[in-house]
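Structure first, then comments.
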Amino acid sequence: MTFPMSRIMKFLRPAGLVGFIGLLALFPMSQYAQASTITLNGYNKTFALVEQPALIAGLPRQSGSWTVFDALRLKIAWKPRESFSFNTAYGMAPKLSNPFSVNAGSTLADPRQYRVNDTRPRLYPWKTIAGGHVTVRHNLDRAYVRLSFDRADLFVGRQAIAWGSARIVNPTDVIAPYPFGELDTEERIGVDAVRVVVPVDEQGELNAGYIAGRNADIAKSAVFLRGKIGLARTDVTVSVTKYKRNLVAGLDLARAIAGAGTWLETAYTRYDIDHDYVCGLESFRLSCGLDYRINEKLYAFIEYHYNGDGESYVANYGPSVSKPGYRNGPVYLMGRHYAIPAVSYQITPLITSITNPLININDGSFLLSQQFEYNTTQDTYLSLGGYWGFGKIPIILMPAMAVIPRSEFGGYSKSVNISFGAYF
């Protein structure tokens with residue numbers, strides 16, 4: 001008796017790859033139950049955010065907003081033997097905010113887009129309620145099997161995939177990147193993938209895989225091939241990624257020079273507009289920089305980012321958001337040239353200050369991030385900081401009520417946040 005692929009996919013869709021991985025994990029349980037090792041850990045973080053909306057010339061100042069949300073994450077790893085392991089992670093995030101509050105942190109569109117199917121992201125309210133300010137979200141963020149062979153490791157299921165050596169903007173990381181200003185970036189969003197890693201030598205590896213989009217639709221999915229080698233004391237990574245019919249060729253170089261760490265990460269993208277590359281658009285993105293530990297207390301880095309999808313003139317910021325890099329890609333910055341310095345200073349053995357502005361060289365505006373972190377104990381921390389946008393504020397155009405930007409970050413809100421985290 002044979003089963004057509006359409007019926008098999010229909011059976012798997014309610015749980016996607018996650019359900020299939022669960023079956024794989026249960027298969028060897030009886031044989032290795034007595035020798036298995038199970039570990040449970042995780043963390044709980046609480047964030048409080050107060051935000052003042054940006055000024056718009058010609059409009060009265062808007063009232064501020066506040067948000068309090070919690071991030072609970074439980075992680076379970078089951079390793080019945082050296083060559084097999086199953087890893088899962090589940091998160092829950094209740095949030096309380098005033099009805100006029102915006103979402104905390106900035107995000108790119110649809111962070112869960114690379115999943116065959118998914119649980120409903122919101123537990124409460126189940127249906128949209130206008131004016132509601134209490135929500136509970138959840139996320140089955142990891143559920144994958146790792147199989148180790150003599151010459152390769154195979155990863156199947158919901159897992160984290162991140163690329164690039166740049167510190168702030170990674171041109172080659174097109175699957176699930178975090179934008180500058182995200183409050184919680186410790187865990188990368190999980191994607192449904194099949195990935196194989198083959199070691200080449202002590203420093204090199206070959207990494208290839210398939211990342212599934214909604215319902216495993218090939219037009220919404222991605223495939224990649226990445227090779228890493230050590231050459232002349234330099235880590236060289238060459239990659240080719242095809243996502244949503246867009247083609248990305250990447251080159252990543254990282255090495256130490258005179259005690260400083262340096263990196264150069266580039267990506268050439270061929271965007272597909274009409275599915276046959278006849279009318280495709282091209283773009284080039286680059287990030288390069290260096291970091292250096294000046295002494296035991298002071299660490300600094302500076303990164304330059306070139307955004308080929310961006311614009312050199314503020315007047316073109318609005319129309320540029322229709323480009324494919326913004327609509328279905330990883331691009332979120334509007335300008336073309338950026339300088340991103342950062343300084344980390346250890347004020348005391350337990351208190352650290354981190355200053356990190358994102359500067360738009362074209363229009364002179366910048367987004368300043370300032371954080372103070374206090375390690376209360378080995379497994380707990382307290383953080384206080386904020387994000388402030390500086391630049392020419394936007395204006396309102398009458399009578400169409402159209403908002404006209406005069407800089408990129410002049411229209412950003414100002415926010416102060418405090419967070420407490422405990423690990424177990």
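Below, all heavy atoms of this structure are taken into account, side chains as well, without hydrogens, waters or symmetry copies. The first residue in the sequence is number 1, and the count goes up from there. This one's a predicted model, so the numbers in the text were calculated from it and none came from an experiment.
With 3.5 Å as the limit, one finds no donor-acceptor pair spanning the side chains of Q346 and T352. The closest side-chain donor-acceptor pair between E408 and Y338 falls under 3.5 angstrom. Between the side chains of H133 and S97, no donor N or O sits under 3.5 Å from an acceptor N or O. Side-chain contact, T376 with Y381: no donor N or O sits under 3.5 Å from an acceptor N or O. Side chain to side chain, D363 and S365 meet the donor-acceptor criterion of an N or O pair below 3.5 Å.
Note: W388 and F409 fail the aromatic proximity criterion, with ring centroids not under 6.0 Å apart.
Panel note: side chain N307, backbone G335; a donor-acceptor pair is recorded below 3.5 Å. Between the side chain of T269 and the backbone N or O of Y271 there is no donor-acceptor pair closer than 3.5 Å. Side-chain atoms of Q159 come within 3.5 Å of backbone atoms of A193 as a donor-acceptor pair (strictly under, hydrogens ignored). Between the N295 side chain and the K297 main chain, a donor and an acceptor come within less than 3.5 Å of each other. In this structure, E265 contributes its side chain and S165 its backbone to a donor-acceptor pair below 3.5 Å. Looking only at distances, a side-chain donor or acceptor of Y326 sits under 3.5 Å from a matching main-chain atom of L333. Counting only distance, with no hydrogens or angles, the side chain of E182 and the backbone of F180 share no donor-acceptor pair below 3.5 Å. One N or O on the side chain of H138 and one on the backbone of R120 form a donor-acceptor pair closer than 3.5 Å. Remark: the backbone N or O of V169 is paired with a side-chain donor or acceptor of E303 at under 3.5 angstrom. Judged by distance alone, with hydrogens and angles left aside, the side-chain atoms of T234 form a donor-acceptor pair with the main-chain N or O of A232 at under 3.5 Å.
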Starting from the C-alpha separation in whole Å, work towards a yes-or-no answer on salt bridge (Lys or Arg N to Asp or Glu O under 4.0 Å) for D291 and R167.
CA-CA 9 Å; D291 65 351; R167 302 298 184 265; 3.0 Å; yes

V240 and L247: CA distance, side-chain angles, deciding distance, side-chain contact (heavy atoms from CB on, under 4.5 Å) verdict:
CA-CA 7 Å; V240 177; L247 187 64; 4.0 Å; yes

Show your reasoning for whether side-chain contact (heavy atoms from CB on, under 4.5 Å) applies to I396 and V403.
CA-CA 5 Å; I396 190 76; V403 177; 4.0 Å; yes

Could you go through the side chain to side chain donor-acceptor pair (under 3.5 Å) check for D309 and S283 one step at a time?
CA-CA 6 Å; D309 292 89; S283 79; 3.1 Å; yes

Can you check side chain to side chain donor-acceptor pair (under 3.5 Å) on Q52 and S63, steps first, answer last?
CA-CA 7 Å; Q52 178 62 53; S63 59; over 6 Å; no

Should Y210 and S221 be marked as a side chain to side chain donor-acceptor pair (under 3.5 Å) after you check the CA-CA gap, both sets of side-chain angles, and the distance that decides it?
CA-CA 8 Å; Y210 165 74; S221 302; 3.3 Å; yes

Let's go through V191 and I175 carefully: what are the C-alpha distance in whole Å and the side-chain angles of both, what is the deciding distance for side-chain contact (heavy atoms from CB on, under 4.5 Å) to 0.1 Å, and is it a yes or a no?
CA-CA 9 Å; V191 297; I175 300 302; 4.0 Å; yes

Test side-chain contact (heavy atoms from CB on, under 4.5 Å) on R73 and Y423 and set out the steps.
CA-CA 10 Å; R73 188 179 182 94; Y423 295 79; over 6 Å; no

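Judged by the 6.0 Å and 45° rule, K414 forms no cation-pi pair with Y412. Relative to the ring axis of F155, R195 places its NZ or CZ within 45° and under 6.0 Å from the centre.
Taking every heavy atom of both residues into account, P199 and R151 meet most closely at CD-O, 3.6 Å. In this structure, W66 and L96 approach most closely via the heavy-atom pair CZ3-O, 3.5 Å. A pairwise comparison of heavy atoms in A152 and V198 identifies CB-CG2, 3.9 Å as the closest pair.
Residues L140 and R158 are in side-chain contact: their nearest non-hydrogen atoms beyond the backbone lie under 4.5 Å apart. Within the 4.5 Å cutoff, the side chain of D173 has no heavy atoms near those of the P330 side chain.
For the pair E187 and R142, the salt-bridge criterion is met [side-chain N within less than 4.0 Å of a carboxylate O]. Salt-bridge formation is detected for the pair E82/K79: a Lys NZ or Arg NE/NH1/NH2 atom is positioned less than 4.0 Å from an Asp or Glu carboxylate oxygen. Between K228 and D201 there is no salt bridge, since no side-chain N of the basic residue sits under 4.0 Å from a carboxylate O of the acidic one. Ion pairing of D184 with K45 is present here, as a side-chain N (NZ or NE/NH1/NH2) and a carboxylate O approach within less than 4.0 Å. Contact check on R270 versus E282 returns a salt bridge, with a Lys/Arg side-chain nitrogen under 4.0 Å from an Asp/Glu carboxylate oxygen.
Every residue meeting the side chain to side chain contact (heavy atoms under 4.5 Å, CB included) condition with I76, not counting sequence neighbours, appears here in chain and number order: I38, L40, T88. Contacts of E311 classified as side chain to side chain contact (heavy atoms under 4.5 Å, CB included), with partners at least two apart in sequence or in another chain: N316, Y317, S320, K323. Legend: residues meeting side chain to side chain donor-acceptor pair (under 3.5 Å) with R115, ordered by chain and number and at least two apart, are D118, N139, D141.
For E186, the CD atom counts as densely surrounded, since its 6.0 Å shell holds more than 12 non-hydrogen atoms of other residues, nucleotides or ligands. Sparse packing is recorded around NZ of K392, with 12 or fewer heavy atoms of other residues, nucleotides or ligands lying under 6.0 Å away. Around atom OH of Y313, no more than 12 heavy atoms belonging to other residues, nucleotides or ligands sit under 6.0 Å away.
Classification of the F284-Y306 ring pair by plane angle, with boundaries at 30° and 60°, yields tilted.
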